[in-house]
2 protein chains.
Amino acid sequence: MTITEVSKKYDITQDTLRYYERIGLIPAVNRTKGGMRNYTEESCGWIELAKCMRSAGIPIEALIEYCALTQQGDGTITARKELLVEERTKLVEKMEDMKKTLDKLNYKIDIYEKAEVTGVLSWKK
Amino acid sequence: MTITEVSKKYDITQDTLRYYERIGLIPAVNRTKGGMRNYTEESCGWIELAKCMRSAGIPIEALIEYCALTQQGDGTITARKELLVEERTKLVEKMEDMKKTLDKLNYKIDIYEKAEVTGVLSWKK
DNA sequence: GTTTGACTTAGAGTTCACTCCAGATGCTAA
DNA sequence: TTAGCATCTGGAGTGAACTCTAAGTCAAAC
């Protein structure tokens, strides 16, 4: 697959695809004789993973390390697991923060909706 | 309350507290004769809100607008509600992305844990 | 009264994660 | 074979959200 195709498939700009590869967030992509990128199924798997992880805010640094460990072979399985466990912990914390914020937003929206009818803002605390 | 006290209470640096006030993310804080900040209960309420919203990634721009609308009085109730509804929508989407990522992390961690015992990585897809 | 440490401001610097640009090279269609 | 578009690289630029610095002011302790 060409970079244009991959870019469309995953809705990631070509610049970002090249950037991810340059910084080692995904392994080096295959090239044609001319030097053009030729994405394999495996490359696409990495891109999908990168997209998923980044959409949840997993830091690039962690993903670079994960990618490096993976390329070092089976000796790094425990290290990879530990890295992912650490990121999972942070993710769960973030989700908890967001849940609290969601509750607060729901509460405020509710009060504003009532005020639209009654004309009175009645905050509890 | 002094800036040091507020900083400790909410675990936000003094620099960030001043920054939030300067950009209008919270309303102007009371001052002593000498020009030092003297935070009231109300100021603290705003800081708590700012901390909560920011911890969930609600953009500063939106919070500045919310703060400005609030200071314009009851005529902005609908606008404020709409702003919060919009941010809630984005927040829910982000939480869904994070849930997907969490599932993926759990899956991968599980495979790595099994591999630590069996020595074999067995990915489904 | 003076020293010491907290606080003030304006503005510059930092970090993260892209995003854009320039100039060169590759590929395809007429 | 040549026009024209895609892709390449290295490096500079951007935007968001802080974070730090410098130079000065305030306030409590001695």
Side-chain angles (χ1 to χ4, degrees), chain A residues 1-40 43-44 46-47 49-67 87 90-91 94 97-98 101, chain B residues 1-26 28-40 43 46-47 49-68 86-87 90-91 94 97-98 101:
Chain A
M1 285 179 102
T2 68
I3 198 168
T4 300
E5 286 163 347
V6 174
S7 169
K8 278 179 189 150
K9 180 167 181 189
Y10 295 103
D11 194 28
I12 300 176
T13 68
Q14 299 186 19
D15 272 320
T16 300
L17 289 171
R18 291 192 200 99
Y19 169 68
Y20 282 176
E21 186 181 351
R22 181 153 53 87
I23 63 174
L25 195 144
I26 61 169
V29 173
N30 266 24
R31 302 302 179 108
T32 64
K33 268 178 287 299
M36 307 277 125
R37 284 175 183 80
N38 185 20
Y39 291 84
T40 61
S43 304
C44 287
W46 275 100
I47 286 155
L49 180 67
K51 185 181 179 168
C52 176
M53 294 294 142
R54 289 295 305 127
S55 80
I58 309 292
I60 276 186
E61 265 304 307
L63 301 176
I64 289 172
E65 200 183 335
Y66 179 77
C67 181
E87 293 308 322
K90 290 191 222 157
L91 183 60
K94 257 196 292 178
D97 285 345
M98 288 166 92
T101 303
Chain B
M1 284 179 102
T2 68
I3 198 167
T4 301
E5 287 164 346
V6 174
S7 169
K8 278 179 189 149
K9 180 167 180 187
Y10 295 104
D11 194 29
I12 300 175
T13 68
Q14 299 186 20
D15 272 321
T16 300
L17 289 171
R18 292 192 199 99
Y19 168 68
Y20 281 177
E21 186 181 351
R22 179 153 55 85
I23 64 174
L25 195 143
I26 61 168
V29 173
N30 267 23
R31 302 304 179 107
T32 64
K33 269 179 286 298
M36 308 275 125
R37 285 175 181 79
N38 185 20
Y39 291 84
T40 61
S43 303
W46 276 100
I47 286 155
L49 180 68
K51 184 181 180 170
C52 176
M53 294 294 141
R54 289 296 305 127
S55 80
I58 309 292
I60 275 186
E61 265 305 305
L63 301 177
I64 289 171
E65 200 184 336
Y66 178 76
C67 181
E86 202 176 305
E87 293 308 322
K90 289 191 222 156
L91 183 61
K94 258 196 290 178
D97 285 346
M98 289 167 91
T101 303

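Protein chains get the first letters and strands the later ones, always in sequence-line order, with residue 1 at the start of each. Fair warning: this is a prediction, and the values are worked out from it, not measured in the lab.
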Only counting residues at least two apart or in another chain, list the ones meeting side-chain hydrogen bond (donor to acceptor under 3.5 Å, both in side chains) with [X].
X: A/K90; result: A/E87
X: B/E65; result: none
X: B/T2; result: none
X: B/S7; result: none

Donor-acceptor list for residues 52-64 of chain B side chains, cut-off 3.5 Å, not counting sequence neighbours:
from	atom 1	to	atom 2	distance (Å)
B/R54	NH1	B/I58	O	2.6
B/S55	OG	B/C52	O	2.8

Exercise. Please determine if A/K94 and A/D97 form a salt bridge, counting it only when a charged side-chain N lies under 4.0 Å from a carboxylate O.
Key: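 Answer for the salt bridge query: no.
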
Please state how far atom [atom1] in [X] lies from atom [atom2] in [N], giving the value in whole angstrom units.
X: B/E21; N: C/dC7; atom1: CD; atom2: C1'; value: 13 Å
X: B/K33; N: C/dC7; atom1: NZ; atom2: P; value: 17 Å
X: A/M1; N: D/dA6; atom1: CE; atom2: P; value: 17 Å

Self-check item: A/K8: partners by side chain to side chain contact (heavy atoms under 4.5 Å, CB included), with sequence neighbours left out
Solution: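 Partners of A/K8 under the side chain to side chain contact (heavy atoms under 4.5 Å, CB included) test: A/T4.
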
Practice problem: Quick one: list whatever passes salt bridge (charged side-chain N to carboxylate O under 4.0 Å, His left out) with A/R22, sequence neighbours left out. | Solution: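 Expected list: none.
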
List every contact pair, protein side and nucleotides 28-30 of chain C side both N or O, where the distance is under 3.5 Å.
none

Practice problem: Would you give a per-nucleotide map of nucleotides 7-23 of chain D, 5' to 3', where B means the base has a protein non-hydrogen atom under 4.0 Å away, S means only the sugar-phosphate does, and - means neither? | Solution: SSB-B-----BBBB---

